[in-house]
Chemist: 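Before anything else, here's the structure in question.
Just so you know, ligand 1 is whichever comes first in the structure, and atom 1 is the first atom listed for that ligand. Worth knowing before you read on, the calculation uses all heavy atoms, side chains too, and leaves out hydrogens, waters and symmetry mates. Everything numeric in this text was worked out from a predicted model, so none of it was measured.
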Amino acid sequence: MQIIKKIDELRTIINQWRKDGLTVGLVPTMGYLHEGHKSLIDRAVEENDRVVVSDFVNPTQFGPNEDFESYPRDINADAALCEAAGASLIFNPEADEMYDGALTFVDMNKITKVLCGKTRPIHFSGVCTVVSKLFNIVTPDRAYFGQKDAQQLCVIKKMVKDLNFGIEIVGCPIIREADGLAKSSRNTYLSSEERKAALCLSRSLNIGKDMINSGETSAAAVVGRIKEEIEKESLAKIDYVEMVDLNQLESLETIQKPLLCAMAVYIGKTRLIDNFIME
Ligand code: AMP
């Protein structure tokens with residue numbers, strides 16, 4: 001698997017693909033790839049002639065007390081997964097290659113200030129900036145994002161519309177472990193006891209989903225029941241659980257579709273996110 005570190009080198013390769021009339025898909029990741037990432041790569045390989053997987057732990061999306069330094073990294077394992085999945089190359093720049101002397105950042109109002117944005121105030125500016133840069137470097141026809149990060153997917157779709165990127169954004173479903181835990185590079189932080197405790201996220205979401213399917217119309221009742229289920233777990237500490245409309249991410253009083261029920265929960269020191277969408 002070809003691992004490209006330099007922007008100019010990547011541009012040369014992509015220019016040649018373009019001259020050859022090939023379509024290009026982009027899968028932006030922070031590496032330490034798992035089946036969730038692989039599902040995005042698989043879809044991109046199906047739909048494009050060439051697929052670039054970016055593998056970059058982006059410093060600008062981490063707050064000062066977050067896990068940038070300790071975030072897991074394994075480029076060799078990532079290369080093997082990308083090779084097996086049929087990706088064309090990995091773009092794995094150093095932070096200096098991406099940000100040396102940068103003074104320009106992409107920011108967004110409103111939908112970046114709610115949910116994860118409340119406790120991670122600079123996060124989405126970092127995401128919008130790095131994804132804009134990747135879009136400008138790779139100039140993909142399509143880019144693939146997981147519903148696991150539902151707010152991020154919503155933010156990226158809005159950014160592409162607002163800034164006229166002209167790139168198709170493809171959202172892909174959440175891939176879970178057999179017992180329901182959403183796959184995440186951060187699951188590696190969990191001890192075996194915490195790993196069991198972490199099931200309270202998917203379990204409580206399933207209870208919430210069942211309530212809505214059985215006719216519950218009060219968002220507060222569903223959110224309350226989800227929180228109650230999580231609070232039974234002594235290792236869990238809720239950051240937020242919220243029911244919002246899927247487009248504006250505004251709080252719902254009455255259950256109305258399309259909706260997003262999203263949560264962030266600390267299991268020990270590890271902050272995990274999960275959600276469900278009803279269209
Ligand atoms: P990350 O490396 O965590 O920044 O994730 C890169 C991309 O993979 C994002 O678009 C995520 O939403 C997506 N992703 C991560 N985990 C999963 C999962 N369990 N299922 C589907 N997509 C995922």
Side-chain angles (χ1 to χ4, degrees), residues 25-47 51-63 66-68 70-75 77-79 81-82 85 87 90-93 95 98 115-116 120 122-135 138 140 142-160 167-190 195 198-199 201-202 205 246 260 262-265 270-277:
L26 169 67
V27 182
T29 82
M30 297 208 300
Y32 214 71
L33 304 179
H34 49 65
E35 291 291 318
H37 300 109
K38 185 172 175 295
S39 71
L40 273 53
I41 301 170
D42 287 343
R43 176 98 186 255
V45 166
E46 264 171 47
E47 296 179 350
V51 171
V52 174
V53 177
S54 64
D55 188 314
F56 178 57
V57 185
N58 173 38
T60 64
Q61 71 189 67
F62 288 79
E66 295 180 358
D67 57 343
F68 173 67
S70 57
Y71 196 84
R73 293 159 169 90
D74 188 345
I75 190 68
D78 291 351
L81 185 146
C82 286
I90 297 182
F91 178 48
N92 176 229
M98 291 294 274
L115 306 178
C116 286
R120 305 190 76 194
I122 64 160
H123 176 68
F124 288 108
S125 166
V127 169
C128 287
T129 302
V130 78
V131 171
S132 296
K133 289 167 71 70
L134 290 168
F135 285 175
V138 178
R142 300 179 193 84
Y144 297 79
F145 292 86
Q147 186 210 304
K148 161 89 187 334
D149 299 82
Q151 186 178 11
Q152 169 174 281
L153 178 57
C154 179
V155 164
I156 297 295
K157 282 183 178 164
K158 181 75 177 135
M159 181 182 81
V160 163
I167 293 167
E168 184 189 339
I169 301 303
V170 182
C172 303
I174 303 178
I175 304 297
R176 297 178 179 281
E177 303 286 355
D179 60 7
L181 179 67
K183 295 208 181 222
S184 165
S185 307
R186 288 190 168 98
N187 290 348
T188 182
Y189 297 148
L190 302 170
R195 173 68 183 72
L199 289 176
L201 282 86
S202 54
L205 284 170
L246 183 58
L260 164 66
M263 61 171 58
V265 176
T270 304
R271 184 176 179 280
L272 299 177
I273 57 172
D274 202 347
N275 68 77
F276 66 80
I277 281 174

Chemist: Please round to the nearest 0.5 Å and tell me the distance separating atom OG of S39 and atom NE2 of H34.
Modeler: 9.0 Å
Chemist: F68 ring centre to R73 NZ or CZ under 6.0 Å, with the angle to the axis within 45°?
Modeler: yes
Chemist: With sequence neighbours excluded, what pairs up with N187 under the side chain to side chain donor-acceptor pair (under 3.5 Å) test?
Modeler: none
Chemist: Main chain of E47, side chain of R142: is a donor-acceptor contact present, judged purely on distance under 3.5 Å?
Modeler: yes
Chemist: Hey, which residues fall under 4.0 Å of ligand 1 on heavy atoms?
Modeler: P28, T29, M30, H34, G36, H37, L40, Y71, F145, G146, K148, D149, Q152, P173, I174, I175, K183
Chemist: Rounded at 0.5 Å granularity, tell me how far SG in C172 sits from NZ in K38.
Modeler: 12.5 Å
Chemist: Taking all atoms of both residues into account, what is the closest heavy-atom pair of I174 and K148, and its distance?
Modeler: CG1-N, 3.5 Å
